[in-house]
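What you see is a predicted model; the values in this text were computed from it and never measured. A, B, ... follow the sequence lines: proteins, then strands. Residue 1 opens every chain.
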Amino acid sequence: MNTIKRFIAVLGVLTCINACSTDDNPKYANGYYLLLDTSGTYTKELDKAKQVINYILAMMEPGDVFAVARIDSASFSEKDIISKLTLDARPSVAITQKQNFASNIEAFIAEVKSSDYTDISGGLLQGVEYLREARVGSRTILIYSDLKEDLPKGYVRDVKPELEGFTVKALNVTKLRADNQNPRSYLDRVADWQSLVITGGGNWILINDLDKPDALL
Amino acid sequence: MTFLENAGWMTFFVLFVCAMIVLYLARKPAHRAIRGLLDGLYIATRFVARSLANTATKMHARNREVLLHLGREQSERELRKEFHEISSFVQRDLGGYPKLQQNIREEINLIQADYEASQHTATELPDWTQAVESVAKLKTSNSEANTRLLEQIHSTAEIQHRENLKAYRETNSKRNTVLQKVLPHWRKLSFSIDDTGRRLSDIVERSKKIDKQMERFNDIQTGSERAEHMLRSSAITQFLISALVITIAIGGAFFNFHLIALPMSEMVGSAQRIGGAKVSDLAALVIICMEISAGIFLLESLRITKLFPLIGSMDDRTRRTIMIASASVLLTLASTESALAFMRDQIANDLAALRASLAGPSSFAEAEVHTGINHWIPLAANMVLGFVLPLALTMIAIPLEYLLQSGRTVLGSVVASLIGLLAIAVRVFASLLRQMGHVLTSFYDLLIAGPLFIESLVLKSRSSHSDDVQEELPWDDVEPTEPMSTGAKK
């Protein structure tokens, strides 16, 4: 009788411990969604993006979510996600996942073709949707682009994304030839995106110096 | 400010005079109110100060009791140990004293027998000497016959002498042999006596030590100042030393934790969390806590520490069972940690390789070159540390016991001293409040100095008309010290 009581007590304690913990503990996990601009001449900048991706991979903890998507003519689509992963709790499995992910990205960058148009808004909306579904604690969208949007005819992107709890980081926002002639256009472009993010309730950070990777995460 | 600017100086003067008159008229009630308020505060603060002082005194007394109790227990333990040692010493060494005495007696008997056997017995004079004398006294003309006779006697004497000398030498040789046999007996006897003397001097030394401890015990028993002072300084020293050792042990535990936290994530996963902490970290902590617990139980069952008196008072069989169980758990956990340390090294190498590959092909090749040479040294060090650290952590029970024992009296003394200081501070504050009453009433009178001066002039003029009226200055009629002093006496 005493043994049964003890067993029940131990079972109760274990149940309590199990109740305290959850399978994924999303509030402690970090979610990263990286948008890579593949339009026009910006594809030349993608080699540097590889370093960014590798840095993020190296710093990721078990349970973290990471997805890399391309910005092309119509980016509001799951098909544009190049590679994605949710890091396993076991370090040995996580190492393999990271290696596979890095290989996928390398293969993509080697074979990437320039797109005719640049749908950054669509990619941003897709990123918001993806990270919301991932149920992670902190959500970061990294936009590796010159922030020059160029939509094909018939595409409407007047939806204001809700970015409450999101941090949007614009990486390597290069200056175009027109920007050199008139810096106002560059400043206005950056200010427009900043306004869009802040209006949506998110945080905006601009990082052009990629030699300081600490700022990325 | 605007009001003053608009009103002008005249209005201000009128208001000032009015206020002064009002203050003059309300002087006595105002004085009473100030004195009443500050007297109340003074009494309250004095009450608090007294309460704090009483608490500090009680705490000091209680600490003293605890200190003496602990000292008494420790002294009793030491005395018991000394008595136990001296008892076992007497049983072991002096228990064989009758046998030793018997041995000595036997040795003495043997020596005596040998001595008697070696005694020299004087040989008697030969009988023929009388014959020689008789021959020598013969009066005969035949001297040749005498000479021949004497020569015959001489030759016989020579032969007998040689025989006697030979016999004497043989006897001497035998005696020497017997005396040589005595020598080891002497040595044995001498050693036995020296050994007995040494043991007895040991007993004397131990008895002196016991005398000193008894004196200390009596001091503690009577609760003398000397004993209290000695115990307090001893407790502080013990507290500081044990705190230092515990700090070092915590450092060891922290290092141990880092050694097994990463491989634990491979076993239980590191994504799950309980209350913000990773399950793998908690599992590593649990393992370390289990090791420390097993170590505590092991030392308890060995009767080295007395954190759980119940274990120490168990019968030997149960105690031995606990001891074996604790040691087994400890060894199992130490072996597990060693294996985890091995796993940690593997994971760390994989992570380093991954980072190198992510950093670029050149870095990867560089990392390959670097890890090839000294790979086994950190691996072996990790594994050895993984096995040794849990065993070393078991010793934490000893300083922990000292810390708990001495911490009670040391922290109690510190708290009592702080409360005593607080009581003094509150008492000083009470005195300040009391002086504040005097200052405030004097300041009040300073505000209405004009009317008071007029009042004094009026009183003086009245006193000049009547000798019965005693001269009295207006500020002298205020006697603020009276209630204050009453309050102080309270």
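Classification of Asp192(A) and Arg189(A) as a salt-bridged pair fails, no side-chain N sitting under 4.0 Å from a carboxylate O.
Formation of a donor-acceptor pair under 3.5 Å by the Asp119(A) side chain with backbone atoms of Ser75(A) is found in this model. Under a 3.5 Å cut-off, the side chain of Arg90(A) and the backbone N or O of Gly269(B) do not form any donor-acceptor pair.
When the shell of 6.0 Å around OH of Tyr130(A) is examined, it contains more than 12 heavy atoms from other residues, nucleotides or ligands. In the displayed structure, Glu162(A) atom CD is contacted under 6.0 Å by at most 12 heavy atoms of other residues, nucleotides or ligands. Asp316(B) CG: more than 12 foreign heavy atoms inside a 6.0 Å radius.
By the 4.5 Å heavy-atom criterion applied to side chains, Arg139(A) and Thr167(A) are not counted as neighbours.
Residues of residues 245-266 of chain B lying under 4.5 angstrom from chain A, judged on non-hydrogen atoms, are Leu262(B), Ser265(B), Glu266(B) by number.
Per-residue counts of heavy-atom pairs under 4.5 Å with chain B were compared for Glu106(A), Lys50(A), Gln99(A), Gln51(A); the largest is that of Gln99(A). Put simply, of Pro91(A), Pro62(A), Ala94(A), Ala58(A), the one with the most heavy-atom pairs under 4.5 Å next to chain B is Pro91(A).
Using a 4.5 Å cut-off between heavy atoms, Glu61(A) contacts chain B through its side chain alone, with no backbone atom that close.
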